[in-house]
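Structure, as structure tokens:
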Amino acid sequence: MRREKMAGGVGIGAGAGTSSSMGLNLLLLLAMVTTNILSLYHLSSSHRLFSSPPSLPLSSDDHQPPEHLLRQLHTIRATISHLSHLHSHPSHASSSSSTPPPPSELVLLSHLSPISSACASHSTLLRQYMNYTPFSTCPSSSSSLAESLLLRGCHPLPRRRCFSLTPTSNPATLSKLQDPNLFSVRVRSTLDLSITQLLRLAQVSRAAPINLALDVAGGSGSLAAALRRASNTTVLTTTLNLGHPFSESAASHGLITLHSPLQARFPVQDGVVDLVRTGHAVNRWIPVPVLEFMVYDVDRVLRPGGLLWIDHFFCKGVDMDSVYKPILNRMGYRIIKWTVGDKTDAGGVKNRDLYLTALLQKPLAR
């Protein structure tokens with residue numbers, strides 16, 4: 001009797017294991033069949049779409065499968081992948097995720113202040129940036145990590161409780177960047193706009209001084225410093241170091257430096273700036289939607305009658321009239337200066353680039 005009970009127990013255990021395995025196989029089979037049915041439905045729908053009469057042109061939305069169908073396909077495929085993993089590695093079914101928990105400082109800050117949603121898309125960089133010892137010196141890699149996050153849209157950056165390292169720049173490099181003649185403001189061609197010309201045009205068009213200016217992608221700040229010296233203007237400049245002490249140089253000129261990427265909203269109140277200048281970093285390498293959002297943020301911070309100075313913007317010649325000129329025309333600004341010329345360096349000749357220098361005035365009313 002004892003042997004029969006033991007054998008019966010083993011049989012029950014084996015039967016339970018077999019039943020569990022069969023249930024998993026059936027669920028996997030059901031998911032695969034459902035996926036095939038939905039895929040056939042999608043293919044047949046696509047066939048009907050593409051075989052429609054030429055007299056009825058299709059919109060771009062008609063070529064896309066329904067969003068709910070895409071979600072179902074994604075969910076089913078994820079389920080199949082998960083079930084296949086369980087089937088091949090049943091011992092890993094109850095294992096915890098290998099993703100490390102977020103740093104405690106990041107968790108604390110998330111309860112006190114909002115964090116940009118783009119930061120979550122770059123969790124590895126964010127963990128490295130927030131992985132530090134509170135109340136001590138910040139890691140030496142802080143600056144490069146911060147700008148890597150800024151360039152990926154993680155802005156504003158999370159705050160931290162650590163002491164920043166004092167920047168140590170090569171004196172020769174910093175001295176060169178501080179040289180006021182590095183970016184000459186002398187007129188060499190019709191594309192150049194000197195500070196004297198700018199102030200004269202501003203006086204004629206606005207009949208008011210330039211008290212506050214914003215220099216977008218101002219680099220070392222030499223040109224903005226010339227404006228400050230000539231007219232006692234307060235100049236804000238947005239800049240990233242990118243391996244060079246641009247922020248230190250701009251600050252040494254008496255400029256207010258804003259550590260902000262081009263895709264971020266300007267940390268300036270509406271309608272308070274008299275002049276916005278865009279530097280050479282604002283060019284065709286910026287995606288068109290980012291550039292368009294930036295232009296309208298310029299409009300937001302400018303006073304009525306304020307000036308937008310586009311300084312040596314370069315792009316492909318074929319895109320000047322078809323892409324960039326319409327963006328600026330839609331703003332409805334008055335054209336004070338508009339000059340287009342060839343970009344004659346090796347890269348400009350190779351890419352058939354053009355330069356645009358323009359001075360535009362925001363309408364007094366809309």
Side-chain angles (χ1 to χ4, degrees), residues 60 118 144 147-153 155 173 176-177 179 181-195 197-198 214-224 226 237-247 249-250 260-264 266 275-299 307-331 333 335-360:
S60 59
S144 60
E147 293 195 342
S148 294
L149 286 166
L150 288 173
L151 291 171
R152 289 165 172 79
H155 183 275
T173 302
K176 183 179 179 181
L177 290 175
D179 182 2
N181 297 317
L182 180 62
F183 295 109
S184 176
V185 294
R186 294 175 298 175
V187 176
R188 296 177 178 176
S189 72
T190 56
L191 287 164
D192 296 319
L193 182 62
S194 70
I195 298 300
Q197 289 177 327
L198 171 69
L214 173 62
D215 192 16
V216 181
S220 64
S222 295
L223 191 57
T237 181
T238 68
T239 183
L240 295 178
N241 284 341
L242 302 176
H244 301 280
F246 291 133
S247 296
S249 174
S260 176
L262 293 175
Q263 68 266 37
F266 299 126
L275 169 71
V276 176
R277 170 189 172 262
T278 61
H280 293 192
V282 180
N283 55 59
R284 71 181 181 90
W285 297 114
I286 301 175
V288 173
V290 175
L291 180 66
E292 192 165 34
F293 275 111
M294 187 190 73
V295 167
Y296 281 89
D297 207 37
V298 167
D299 180 78
L307 300 174
L308 168 58
W309 176 12
I310 301 171
D311 189 10
H312 283 75
F313 174 90
F314 72 85
C315 66
K316 288 183 177 296
V318 295
D319 294 332
M320 178 65 76
D321 291 333
S322 62
V323 178
Y324 298 107
K325 191 175 180 179
I327 291 177
L328 296 174
N329 285 343
R330 280 195 292 268
M331 299 183 70
Y333 281 26
I335 298 176
I336 300 174
K337 177 183 176 68
W338 184 281
T339 304
V340 176
D342 293 328
K343 189 173 184 290
T344 56
D345 65 332
V349 172
K350 176 183 177 181
N351 294 297
R352 298 181 180 178
D353 286 337
L354 296 177
Y355 270 132
L356 168 66
T357 293
L359 187 65
L360 310 174

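Note that this is a predicted model, so its numbers are computed, not measured.
- In this structure, Val216 and Thr238 approach most closely via the heavy-atom pair CA-OG1, 3.4 Å.
- The side chain to side chain donor-acceptor pair (under 3.5 Å) search around Glu147 returns His259, not counting sequence neighbours.
- With sequence neighbours left out, Asn329 forms a side chain to side chain donor-acceptor pair (under 3.5 Å) with no residue at all.
- Listed by chain and number, the residues in a side-chain contact (heavy atoms from CB on, under 4.5 Å) with Thr190 are Thr339 (sequence neighbours excluded).
- Arg152 meets the salt bridge (Lys or Arg N to Asp or Glu O under 4.0 Å) test with no other residue; sequence neighbours excluded.
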Let me have the donor-acceptor pairs involving side chains of residues 312-322, under 3.5 Å, with sequence neighbours excluded, atom names and distances please.
{"from": "His312", "atom 1": "NE2", "to": "Asp192", "atom 2": "OD1", "distance (Å)": "3.4"}
{"from": "Ser322", "atom 1": "OG", "to": "Val318", "atom 2": "O", "distance (Å)": "2.9"}

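- Remark: Asp299 engages Tyr333, Arg366 in a side chain to side chain donor-acceptor pair (under 3.5 Å) (not counting sequence neighbours).
- Ser144 is linked by a side-chain contact (heavy atoms from CB on, under 4.5 Å) to Ser141, counting only residues two or more places apart in sequence or in another chain.
- Remark: Ser260 pairs with no residue by the side chain to side chain donor-acceptor pair (under 3.5 Å) rule, at least two apart or across chains.
- Among pairs with a residue in residues 277-288, those fulfilling salt bridge (charged side-chain N to carboxylate O under 4.0 Å, His left out) read Asp215-Arg277, Arg277-Asp311, Arg284-Asp353, at least two apart in sequence or across chains.
- With sequence neighbours excluded, the residues forming a side-chain contact (heavy atoms from CB on, under 4.5 Å) with Ala358 are Ile310, Trp338, Leu356, Leu360, listed by chain and number.
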N/O donor-acceptor pairs under 3.5 Å from side chains in residues 290-297, not counting sequence neighbours:
{"from": "Glu292", "atom 1": "OE2", "to": "Arg330", "atom 2": "NH2", "distance (Å)": "2.8"}
{"from": "Asp297", "atom 1": "OD1", "to": "Arg300", "atom 2": "NE", "distance (Å)": "2.6"}
{"from": "Asp297", "atom 1": "OD1", "to": "Arg300", "atom 2": "NH2", "distance (Å)": "3.2"}
{"from": "Asp297", "atom 1": "OD2", "to": "Phe266", "atom 2": "N", "distance (Å)": "2.7"}

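- To the nearest 0.5 Å, the span separating NZ on Lys325 from CD1 on Ile327 amounts to 13.5 Å.
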